[in-house]
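Note sheet for the following structure.
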Amino acid sequence: GNSVTQMEGPVTLSEEAFLTINCTYTATGYPSLFWYVQYPGEGLQLLLKATKADDKGSNKGFEATYRKETTSFHLEKGSVQVSDSAVYFCALSAPGSARQLTFGSGTQLTVLP
Amino acid sequence: KAGVTQTPRYLIKTRGQQVTLSCSPISGHRSVSWYQQTPGQGLQFLFEYFSETQRNKGNFPGRFSGRQFSNSRSEMNVSTLELGDSALYLCASRSDQARNTGELFFGEGSRLTVL
């Protein structure tokens, strides 16, 4: 079946530090890949997405590249801010089941001033 | 454009009771999905509705059910509540244009506590 494995958290960084959250997946065919973010007390918001191999999704300074050869979609940001503190979820939707998202376990990020 | 609206935001029930949660999707979105979020199991897919028809269902017992109305609003119901049903229930809607990409817009969720 389809699955998403995320880097275990929590992750604590100082402001302006570099962020990487690892995400690997297992799926048949060519899934679409997503990063969602959940701020405290809120629902999930789409952060970025990539729908085919070698695509780079980017938004708000975050980037992730769809790597088919390593089945990965790692999230990166060059300089994090306190306001980036949230839980980050990697997710996929597989061909034939695009109506259903499979999520990773989430990574709690805390950025200290 | 209003986002996905879920009601109630918080509720407390006791074991054996039933609960109904409501979701209003973004205007024009005909697809509504429900997810359960718990600390132990993470985010798990419950079901998806499109134009009043259930299109997909996750691996949950029959106590979990849902429906969608002609205005695309959706409800989910959990009967005979168990302690393990305590969770944040998230509703998400999708535009027809994104039906093949999986992009969802989520509400803030309904937090259910079962005592």
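All values below were derived from every heavy atom in this structure, side-chain atoms included, with hydrogens, water molecules and symmetry-related copies excluded. Convention: sequence-line order gives letters A, B, ...; per-chain numbering from 1.
The local environment of CZ in Arg55(B) is crowded, with over 12 non-hydrogen atoms from other residues, nucleotides or ligands closer than 6.0 Å. Sparse packing is recorded around NZ of Lys52(A), with 12 or fewer heavy atoms of other residues, nucleotides or ligands lying under 6.0 Å away. The environment of OH in Tyr30(A) is sparse: at most 12 heavy-atom neighbours from other residues, nucleotides or ligands sit within 6.0 Å. Annotation: Asn71(B), atom CG; neighbour count of heavy atoms from other residues, nucleotides and ligands within 6.0 Å is above 12. No more than 12 heavy-atom neighbours from other residues, nucleotides or ligands sit within 6.0 angstrom of CD on Glu16(A). By the neighbour-count criterion of 12 heavy atoms within 6.0 Å, atom CD of Glu8(A) is sparsely surrounded, having that number or fewer from other residues, nucleotides or ligands.
Interface remark: Gln45(A) contributes no atoms to any contact with chain B (heavy atom separation under 4.5 Å). Using a 4.5 Å cut-off between heavy atoms, Gln6(B) does not touch chain A at all. Of the atoms belonging to Arg111(B), not a single heavy atom falls under 4.5 Å from chain A. For chain A, no part of Ser31(B) is nearby; none of its heavy atoms comes within less than 4.5 Å. Within the 4.5 angstrom heavy-atom criterion, atoms from both the backbone and the side chain of Leu104(B) approach chain A.
When all heavy atoms of Arg94(B) and Gln100(A) are compared, the closest pair comes out as NH2-N, 4.3 Å. Shown here for Phe89(A) and Gln37(B), the closest heavy-atom pair between the two residues is CZ-NE2, 3.4 Å.
Side-chain atoms of Leu43(B) and Gln38(A), non-hydrogen and from C-beta on, never get closer than 4.5 Å to each other. Leu44(A) places none of its side-chain heavy atoms less than 4.5 Å from the side chain of Tyr35(B).
Side-chain heavy atoms closer than 4.5 Å link hydrophobic residues (I, L, V, M, F, W, Y) into clusters, and following such links, possibly through other members, connects Val114(B) to Leu21(B).
Remark: Gln44(B) CD to Thr102(A) OG1 distance equals 10.5 Å, nearest 0.5 Å.
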